Structure formats: C-alpha cells, structure tokens
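To keep things clear, I will list the structure first and then write my remarks on it.
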Protein chains: 2
Amino acid sequence: MATDDLMSRALAALGDDGAPSVEVIQALADPAGTSEPMTIAEAAAHLDVSPHTLRYYERAGLVAVSRDAAGHRVYDADAVRRLVFLTRMRLSGMPVRDLQHYVSLVDAGKQTEPERLDILLEHRDTIRRRIRELTLSLAATEYKIATYGGSTGPDVDSAAAPNVVADDVLDQVHRR
Amino acid sequence: MATDDLMSRALAALGDDGAPSVEVIQALADPAGTSEPMTIAEAAAHLDVSPHTLRYYERAGLVAVSRDAAGHRVYDADAVRRLVFLTRMRLSGMPVRDLQHYVSLVDAGKQTEPERLDILLEHRDTIRRRIRELTLSLAATEYKIATYGGSTGPDVDSAAAPNVVADDVLDQVHRR
DNA sequence: GCTTGCCTTCGAGCGCGCTCGAAGACCTAG
DNA sequence: CTAGGTCTTCGAGCGCGCTCGAAGGCAAGC
C-alpha cells in the first residue's frame, strides 16, 4: 500500500525549501558499495551524531565495529549502513530498546523476518499517529497565533468565545 | 498565513478514521464557560494525564490551583483552560522549561504579548520541521516494509542496489 | 468508633538517551 | 625527542519529565 510513490514523495519533500536536486542526482549516481571504511569521527560526521553516541550504540549492542591495528574503530560499509538505519529509526522516535530487539532478530537469521516486519508495521502506525497529533497541534498553534490574544486561562481575551470553541474541538480530536 | 482553514483541517483530520462528527457538534454546542470546578482526579481524567503530573505542573509553577476547606485542590475553569493549553503544548513537544517561560510572560501582563507570540511562532516552526522529519521517516519505513528484506547491514538482500539508492536519497533529504 | 478511600506534602527515584571526564595508548610533525 | 591530536576504555553524571512512596488529614458509610 502506497509504496511505489516513495521516490515522488521524497522528491516532493525536497522541493519544499529550495532546489537541492543536485544532491539527489548525486546520491542516485553514487554506486552502491563505493564507501570506504571510516574512522569514528568521519562516521559521526556522516551520520550527524557524536562519536560518544556511536560508542554508546556499540555498547548497547546495536552494531558491531571492528578495530584496526591501533585498536581504533573502523566503520565499514555494513556498519555504516546499519547505523544509517538506526539513526533514521531513532530520529523517527523508535526507542533504543526496540532497536535492540530488532537487531537481535536480524542477527538471529532470516526466519525472524516476519517478526521484524511486524515491528516495522507497528512503528509505521506509530509514526502516522504522531504525525496526526502534530498536525493537530500545529493547527492549534496556528490558531492561537492568528487570534493572538495569548491567554492561557485567567485573562479572558477579546475573542474568547470562538477560541474556546476551537480549543474544545481540537481537544475532542486529540483524545480521538 | 494559513489560519482561516483551521476548522476545515481539524474536521478533515476527524474524517480520517470514522464518523465522530457527533462529538464535534457536541463540542461546538457546548457553551463556553459551563464547566464546573473539578477535583484533581476529574481534571486528570479530563486532561488524560495522571494526578501526579498535575501536581508536578503546579509545583513547576505552570498553573496556580486553589484549595477547598479540606485543603484539596480545586480546578476551576481558568485552571482547566490553562492546563488544556499546557497539555496540548506538551503533546506537541514543547519543553516544560519553555512553558515555564511562557506562563511567566502571561502572568507578567499584556506588554509581554509580542514575546509570547515569538515563542509560538518559533514553536510552530519546530512542529513543522518535526512533521517533515516524520514524513520522511514514514516514507523510509514504508519503503523498507515494501522491499522487505529487512537487512540493516551485513546481510545483503536481493534488491540491494535500489534499496541503497533510496537510503542514500532519504539520507540526503534528512540532513537537508 | 472505625474502616475506606481520596486527598495532602515532601523528597527521592527512575527510565531514557545520551554526555562527559579521566587516564592512557598511539601516530605524526617539527 | 617531544608535543599535539585522536583515539581507546570505563564508569559516572546529567537533563528531562514524570512517577512513586511514606506519612498523615479529613469525610462518608457501616
């Protein structure tokens, strides 16, 4: 359901605030396995997290990272791919605990794929719910901005009645 | 900007999963100031938080609540209105710290309205950013579901090449 | 009178996700 | 040879937002 429009949606999202289509083409043109092994600093920069966080993820069992002769971490393509996945899931609000569960399933082998799929399906629904919540909160915030006023209670503003009505409606929606 | 379509959007959101328009009409019909003073348990149920949380908000200086003869909290319409605002803002991700700042401005008087408006405008942008992030994460998750595979790294799946390309595209989008 | 139950205050504790600091190994440039 | 920088491990600490527990007050019902 709604899968083959992924690209169009990603591109649409890109189109929102500028014209970074160059990057997209670059990404598309980049051969899949080109990436060289990275140091922790490079990986951190690439993933936009701190080296501390990468060590934390490793300690948490989310990713295995090999060492070079000096004992320094080496992030190869596989590790980076997994970390891209992990950081994206974190960004979308999946708890570290769930990610631990997920990667344990991945490491357990192919027969766990149905369970992994379930996790993703549930997570998808969670994201959708969150987007709906935020969309409503956004509407409420924009309404508040428009009628500004700015009362949160005691001080009744001039347009009190419609404001309260809208609040109640949004309240109903929120508690769905 | 984009303010007068609040109602239509709220209603559209409602229309998504059923036919709860009865509640909307109910909410619209409900006279603004009808609500009776509540106990902490009633207020908590109404706001869908725990009594503990309400006491915490009060301790944090977010809302003033009077007491009855027995020393029990009495949530009047003003307090409830403020708490509706507070819980909605919390739900939309505004930190308690920012809410403390905001209510201190409200309590400081009308001349702080411009600053309050600034806070709301910034928060609106924050929500918008978050929605964009989540929309992308949703697309990525749906893509992963569609191509399932479920690899996060080491085990290369059959459709590896397009998967990686999509990952990289979304990666570019994410780091905008 | 006594139990039940909801309330009060206060301070402490917790789960999450990092984030930091100390102490030391190693490589490279000057 | 030395200084600087980046890395290592380990454990502790922190900011947030609750969440809980202990000890007790008060009102209603049996």
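Side chains are part of it too, since the values below use all heavy atoms of this structure and drop only hydrogens, waters and symmetry mates. Bear in mind the structure is a predicted one, so any value in this text is a computation, not a measurement. Convention: sequence-line order gives letters A, B, ...; per-chain numbering from 1.
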Residue list, salt bridge (charged side-chain N to carboxylate O under 4.0 Å, His left out) with A:R59, at least two apart or on another chain: none
Contacts of A:L117 meeting side chain to side chain contact (heavy atoms under 4.5 Å, CB included) (sequence neighbours excluded), chain-then-number -> A:L121, B:I145, B:Y148
Identify, with sequence neighbours excluded, every residue that meets side chain to side chain donor-acceptor pair (under 3.5 Å) alongside A:H101. A:E115
Under a plain distance cut-off of 3.5 Å, with no hydrogens placed, do A:H123 and A:S92 share a side-chain donor-acceptor pair? yes
What does nucleotides 14-20 of chain C look like as a protein-contact string, B for base, S for sugar-phosphate only, - for none, at under 4.0 angstrom between heavy atoms? --SBBBB
Give every pair of a protein N or O atom and an N or O atom of nucleotides 7-9 of chain C that lie under 3.5 Å apart, one pair per line with the distance.
residue	atom	partner	partner atom	Å
C:dT8	OP1	B:R73	N	2.6
C:dT8	OP1	B:R73	NH1	3.0
C:dT8	OP2	B:R55	NE	3.2
C:dT8	OP2	B:R55	NH2	3.3
C:dT8	OP2	B:R73	NH1	3.3
C:dT8	O5'	B:R73	NH1	3.3
C:dT9	OP1	B:R67	NH1	2.5
C:dT9	OP2	B:R73	NH1	2.8
C:dT9	OP2	B:R73	NH2	2.6

Listed once per pair and sorted, the salt bridge (charged side-chain N to carboxylate O under 4.0 Å, His left out) pairs that draw on residues 90-102 of chain B, sequence neighbours left out: none
Between B:R129 and B:T126, does the side-chain hydrogen bond (donor to acceptor under 3.5 Å, both in side chains) criterion hold? Intermediate values first, please. CA-CA 5 Å; B:R129 261 196 306 282; B:T126 300; 3.3 Å; yes
N-O pairing of B:R82 and B:D107 below 4.0 Å: yes
